[in-house]
**Student:** 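Take this structure first; my questions come after.
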Number of protein chains: 2
Amino acid sequence: MLKMSNLFVRTLREDPADAEVNSHKLLVRGGYVRRVAPGIYTWLPLGLKVLRKVENIVREEMDAAGAQEMLFPALLPREPYEATNRWEEYGPNLFRLKDRRENDYLLAPTHEEMFTVAVKDMYSSYKDLPVTLYQIQTKYRDEARPRAGIIRTREFIMKDAYSFDLEDEGLAASYENMRQAYQKVFARLGLPVAICSATSGAMGGSRSEEFLFPCAIGEDTFVRSPGGYAANTEAVTTPPVPEQDYSGVAEPTQVATPNAKTIEDLVGVLNEVAPREDRAWEAGDTLKNVVVVLTHPDGERELVVIGVPGDREVDLKRVEANVSPAEVELATPEDLAKHPELVAGYIGPRVIGPNSPARTVDEDGAVSGSVRYLLDPHVAKGSAWITGADEFEAHLVNMVYGRDFKADGMIEAAEVRAGDEAPDGSGPLSIERGIEVGHIFQLGRKYAKALDLKVLDQNGKAQVVTMGSYGIGVSRVMASLAELNCDEKGLVWPTHIAPAQVHVLATGKGDEVFEAAERIAAEIEAAGFEAIVDDRRKVSAGVKFADFELLGMPYGVVVGRGLKDGIVEVRDRREVTSTEVSVDEAVATVLDLLK
Amino acid sequence: MLKMSNLFVRTLREDPADAEVNSHKLLVRGGYVRRVAPGIYTWLPLGLKVLRKVENIVREEMDAAGAQEMLFPALLPREPYEATNRWEEYGPNLFRLKDRRENDYLLAPTHEEMFTVAVKDMYSSYKDLPVTLYQIQTKYRDEARPRAGIIRTREFIMKDAYSFDLEDEGLAASYENMRQAYQKVFARLGLPVAICSATSGAMGGSRSEEFLFPCAIGEDTFVRSPGGYAANTEAVTTPPVPEQDYSGVAEPTQVATPNAKTIEDLVGVLNEVAPREDRAWEAGDTLKNVVVVLTHPDGERELVVIGVPGDREVDLKRVEANVSPAEVELATPEDLAKHPELVAGYIGPRVIGPNSPARTVDEDGAVSGSVRYLLDPHVAKGSAWITGADEFEAHLVNMVYGRDFKADGMIEAAEVRAGDEAPDGSGPLSIERGIEVGHIFQLGRKYAKALDLKVLDQNGKAQVVTMGSYGIGVSRVMASLAELNCDEKGLVWPTHIAPAQVHVLATGKGDEVFEAAERIAAEIEAAGFEAIVDDRRKVSAGVKFADFELLGMPYGVVVGRGLKDGIVEVRDRREVTSTEVSVDEAVATVLDLLK
């Protein structure tokens, strides 16, 4: 039985200054977690109880799915991560350190390499496969921007599982097995999730899906269609735009466009100086060339120009997903200063990519002389555009892609908008936000190849193994549950996740009130449930009620003034209802509610 | 039910090349743990099961003792450790790293600072105390010499608890409470322990005891007396030696001592050139001056001379315990070269410590000009010695401590020997080796002072809190249990620690053998126990028997050729007995053994 009189908890009435989201505010105010450093938290007794319950549900479903639990170190040598190139690719997100002998180590953000090496050491035959292994372990990632309490931290608890199969079909089956286990985990947790197609990012591999808890404060944006398509915005592909017939399009002409600093201004100026016959010019008729910088894992900064229709912004996260492991940002004035051919606000295709007369290609196909030029797929072959003339206050009209300019390639870069068509034709997309609570990957043979994990197949031939990787952010799941289960007064835990199912409040003054409260709590525990009793002397009933509402046990029993008439109150924290029952019926009433 | 056909385990017939102790050999050969880097191990599925069982026994006894579990991060900011000076004191044993913003972090070897800060943040009154908090957590220590598999590792699992009291009496009671909880833990684990007085070392504080599992391969040496005294050798104190009357001792004289390179040689030479009247000279009549180097946490190397009777060696571990956090080693020829006054083999008191004419003391009492000179307490005030004359092949006779030379202080430095008297007069000491599995400390107010942890006392006055710190090496306990419970064939786990209680071997060929084995294992599990079934096809009975013996489940059921006659074998792994029973009685027989 937990007793408020000695439980290591102090509730706060004020939100912490750095907290913006409910789960963060309430978990700190309720004494569930405590910040130690940016993105580094301590689990206080109540928080650890909830965390362990979440962890156990994950563990039970992993075991039920046939996965075997083990536990790797968090402190790992550099070599296996060097072999897969992730030592470098992780960039500043990886915590690196040296030991006393100056050997390189890292704090693992994920363990593909280690599981691969372990299977390599222990298994040698197709008969040993398939196998799925997992751990529930503390992970490290040196996030640039830890946020939202325990939603995005630098030390966190993750369940990571890995499957090993000989054939692609086996991987597909192992993946499906884990996918179903994940659905069971989230169903048991009572956490709604959208399963979204995702990009694989730095993980490599082919198929990948994210489990997103739809939630306004989520930092991931995803889309859904009425027909059941779901994907995170990074993974959305633009439905093919048909090639256009440009036979009727005149040659490009340059027009002066004074005071056209924005796309809106530009359209206004064009409608005056070069009006269109059939209709007015629109933002979507312009081709906006945006200069970004890719920072490659080796630190190299590469300027790239991306062309998108003028009515859409460039979505840097979508770009980044396609150039990973490079990181992406907008070019700075300093970057632009090194490229005088790029006239800010008037950049056109003629000075960039394969269109530039300065472009050279050497014997090995290496390109230099002009920055790379990539187009968003909304730009159809044969389509005509208004675009910059590479001179201050001048634009070109009738620039046809494929006739007047070329690109180095295509890239999904334009923002996805509500109402865009789903790539599978399942209807218009709606845009939602969510918290990534799980992610599953078909890694394929990338890691096994890099680390030489082979087994002998049925014919005695050594074959590279194919792998899957499956993560659940255990601590983040707990934050998501808090986010889902709260109101303006505090947390409202689901019964199977709460630190205790029943909160017994002694709100009167006499010893008999405290004795009755402890007896009721003891009887609830004897029935196999957990109780917390607020047995603090000299603490007001108001404070105890406020703590009951803040801490969020699903049911409460209030033992107070009514006790002298043999009456106590049973409360449902979620419904905010209160029922008076006789003290002798209190336990039975609560147990009924718990059934 | 665990099945050998798909369990992630591979047993090895050969000992790993780097393994010297049984637990290391057998835990690796049995597929319980796997080395990743020096002192860094992975817990394979069987190992993790054992580890969790040990962990749960520790957790249950901590909870029963009223301690509250929480969980701190392993990655911690420098500041709190800076405040207590441990950032520096830990020297090269601390894993240090920088985050992406170049802030200093460490991987925590222990968490005194963090618990202190947490209590400071949350508690403010004497009414909140006492409280004891604990965690079971992954710890890091960059050991110079990781050894013996999981006995001394660089990443390990520890239970660390901390008590907080207002008064010294409260600390004594909290300490006693944890001490008793530890006795219960080790009793439940079936691990014999000697509770040894210990030095506090870098932890600071007053009383401290180590729980040592007596074991020949242990790296800690401790002593016991028939009267119940136990201490690790670092903590043994020399019984007071009475001051001696030197009125009859002549003035010191110098004698030539050619070819006296060892104490033995010296005694021989003296008995010839300067024989004693009453008896022959003995090694114990000589005073050996040993030059050591203290490396202080800031990197400074300080030469110190330690005087011990010539019949005893200097025990550097005992010295180190008394100069911690400095580290100690013998002086090198390079060190000595910087001090020409120290004539190797002939160092006497006259050129060192307060005896040196070069010694100066400044206004602040800071000493310079000669190296510090410390004496072991076996050197009694007034006792006369033969010691070096600071010249090649020359010694002094009749050098009286207190008359002819002084020292800068005393230090427990001489080796402890079997037969030495216990300091409490409880009889002669025997010397044993052991593995440190627990350590409890009365820290006192050192950490609370450094981090300003105060609470208001009964009179409303702010008082510094007094603390205790209590550790159990959970992973090391598991290794100790393996060390204790094994024979030449493999491990022999106690029932409540084994990954499974029963190992069912299908050693025949027909399907009916495998079906019967699985049925028996299922029935054992249905009865609330755990079973592992060796259901591997095409694996010989010999291999299965060898694995049964290596893996160490306490009981085995062998389903083999006898099955056609309705007979199976029940084996006790520890007794190496085997009983034939009818297949229908097999489960009942095993369950009887398990009761």
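First the proteins, then the strands, lettered A, B, ... as listed; each starts at 1. Atoms considered below: every heavy atom in the structure, side chains included; atoms not considered: hydrogens, waters and symmetry mates. In this text, all values refer to a predicted model and were calculated from it rather than measured experimentally.
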**Student:** As an exercise, state the distance from CG of A:Asp547 to CZ of A:Arg29, rounded to the nearest 0.5 Å.
**Tutor:** 9.5 Å

**Student:** Establish, from distance only, whether the side-chain atoms of B:Thr84 and B:Glu113 form a donor-acceptor pair under 3.5 Å.
**Tutor:** yes

**Student:** Which region of A:Leu71, side chain (C-beta onward) or backbone (N, CA, C, O), has a non-hydrogen atom less than 4.5 Å from a non-hydrogen atom of chain B, or is it both or neither?
**Tutor:** both

**Student:** Which region of A:Glu143, side chain (C-beta onward) or backbone (N, CA, C, O), has a non-hydrogen atom less than 4.5 Å from a non-hydrogen atom of chain B, or is it both or neither?
**Tutor:** backbone

**Student:** So which bits of residues 63-70 of chain A come within less than 4.5 Å of chain B, counting non-hydrogen atoms only?
**Tutor:**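 Within residues 63-70 of chain A, the residues under 4.5 Å from chain B are A:Gln68, A:Glu69, A:Met70.
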
**Student:** Below 4.5 Å, heavy atoms only, C-beta onward: do A:Tyr32 and A:Pro499 meet side chain to side chain?
**Tutor:** yes

**Student:** Side chain, backbone, both or neither: which part of B:Arg96 has an atom under 4.5 Å from a heavy atom of chain A?
**Tutor:**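 For B:Arg96, the contact with chain A is made by the backbone alone.
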
**Student:** Checking B:Leu107 against chain A: side chain, backbone, both or neither under 4.5 Å from a heavy atom?
**Tutor:**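 The side chain, not the backbone.
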
**Student:** Check the pair B:Thr153, B:Arg476 against side-chain contact (heavy atoms from CB on, under 4.5 Å), reporting the backbone distance first and the verdict last.
**Tutor:** CA-CA 9 Å; B:Thr153 56; B:Arg476 183 181 283 182; over 6 Å; no

**Student:** Output the option from A:Leu44, A:Thr138, A:Leu51 having the highest count of non-hydrogen pairs under 4.5 Å with chain B.
**Tutor:**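 Greatest number of close heavy-atom pairs with chain B: A:Leu44.
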
**Student:** Please check if the distance between the ring centroids of A:Phe72 and A:Phe115 is under 6.0 Å.
**Tutor:** yes

**Student:** Give, as side chain, backbone, both or neither, the part of A:Leu133 having an atom under 4.5 angstrom from any heavy atom of chain B.
**Tutor:** side chain

**Student:** With only heavy atoms counted, which part of A:Asp121 is less than 4.5 Å from chain B, the side chain, the backbone, both or neither?
**Tutor:**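 Looking at A:Asp121, just its side chain touches chain B.
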
**Student:** Hey, which of A:Asn6, A:Leu46, A:Asp99, A:Leu97 has the most heavy atom pairs under 4.5 Å with chain B?
**Tutor:**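 The answer is A:Asp99.
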
**Student:** Quick one: pull up CD in B:Glu155 and CD1 in B:Ile150 and give me the separation to the nearest 0.5 Å.
**Tutor:**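 B:Glu155 atom CD to B:Ile150 atom CD1 measures 12.5 Å (nearest 0.5 Å).
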
**Student:** Would you compute the distance between atom OG of A:Ser475 and atom CZ of A:Arg152 and round it to the nearest 0.5 angstrom?
**Tutor:** 12.0 Å

**Student:** Contact part of A:Tyr41 toward chain B, heavy-atom cut-off under 4.5 Å: side chain, backbone, both or neither?
**Tutor:**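 Contact with chain B: backbone only.
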
**Student:** Who among A:Ala118, A:Gly47, A:Pro77 has the most heavy-atom pairs with chain B under 4.5 Å?
**Tutor:**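 Most heavy-atom pairs within the cutoff with chain B belong to A:Ala118.
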
**Student:** Where does A:Arg52 contact chain B at under 4.5 Å (heavy atoms): side chain, backbone, both or neither?
**Tutor:** side chain

**Student:** For A:Val33, is it the side chain, the backbone, both or neither that has a heavy atom under 4.5 Å from a heavy atom of chain B?
**Tutor:** neither

**Student:** Top residue by heavy-atom pair count (under 4.5 Å) with chain B, among A:Ser5, A:Ala37, A:Pro130?
**Tutor:**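 Maximum pair count with chain B is reached by A:Ala37.
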
**Student:** Which answer fits A:Ile157, side chain, backbone, both or neither, if we ask what part of it has an atom under 4.5 Å from a heavy atom of chain B?
**Tutor:** side chain

**Student:** Are B:Phe8 and A:Tyr123 close enough that their ring centers fall under 6.0 Å?
**Tutor:** yes

**Student:** Which bit of A:Arg100 comes within less than 4.5 Å of chain B, counting heavy atoms only: side chain, backbone, both or neither?
**Tutor:** both

**Student:** Check each atom of B:Leu7 against the heavy atoms of chain A and say whether the ones under 4.5 Å are side chain, backbone, both or neither.
**Tutor:** both

**Student:** Do other residues, nucleotides or ligands put more than 12 heavy atoms under 6.0 Å from the CD atom of B:Glu14?
**Tutor:**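 Incorrect, the count does not exceed 12.
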
**Student:** Just checking B:Lys49: does its NZ atom have more than 12 heavy atoms from other residues, nucleotides or ligands closer to it than 6.0 angstrom?
**Tutor:**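 Incorrect, the count does not exceed 12.
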
**Student:** State, with a plain yes or no, whether a side-chain heavy atom of B:Arg59 is found less than 4.5 Å away from one of B:Met62.
**Tutor:** no

**Student:** Heavy-atom distance under 4.5 Å to chain B: side chain of A:Leu94, backbone, both or neither?
**Tutor:**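 No part of A:Leu94 comes within 4.5 Å of chain B.
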
**Student:** Can you tell me how far NZ of A:Lys127 sits from CZ of B:Arg537, rounded to the nearest 0.5 angstrom?
**Tutor:** 13.0 Å

**Student:** Without hydrogens or angle criteria, can the side chains of B:Asp160 and B:Tyr162 be said to hold a donor-acceptor pair below 3.5 Å?
**Tutor:** yes

**Student:** Are there over 12 heavy-atom neighbours, none belonging to A:Arg13, within less than 6.0 Å of that residue's CZ?
**Tutor:**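 For A:Arg13, atom CZ is crowded (more than 12 foreign heavy atoms under 6.0 Å).
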
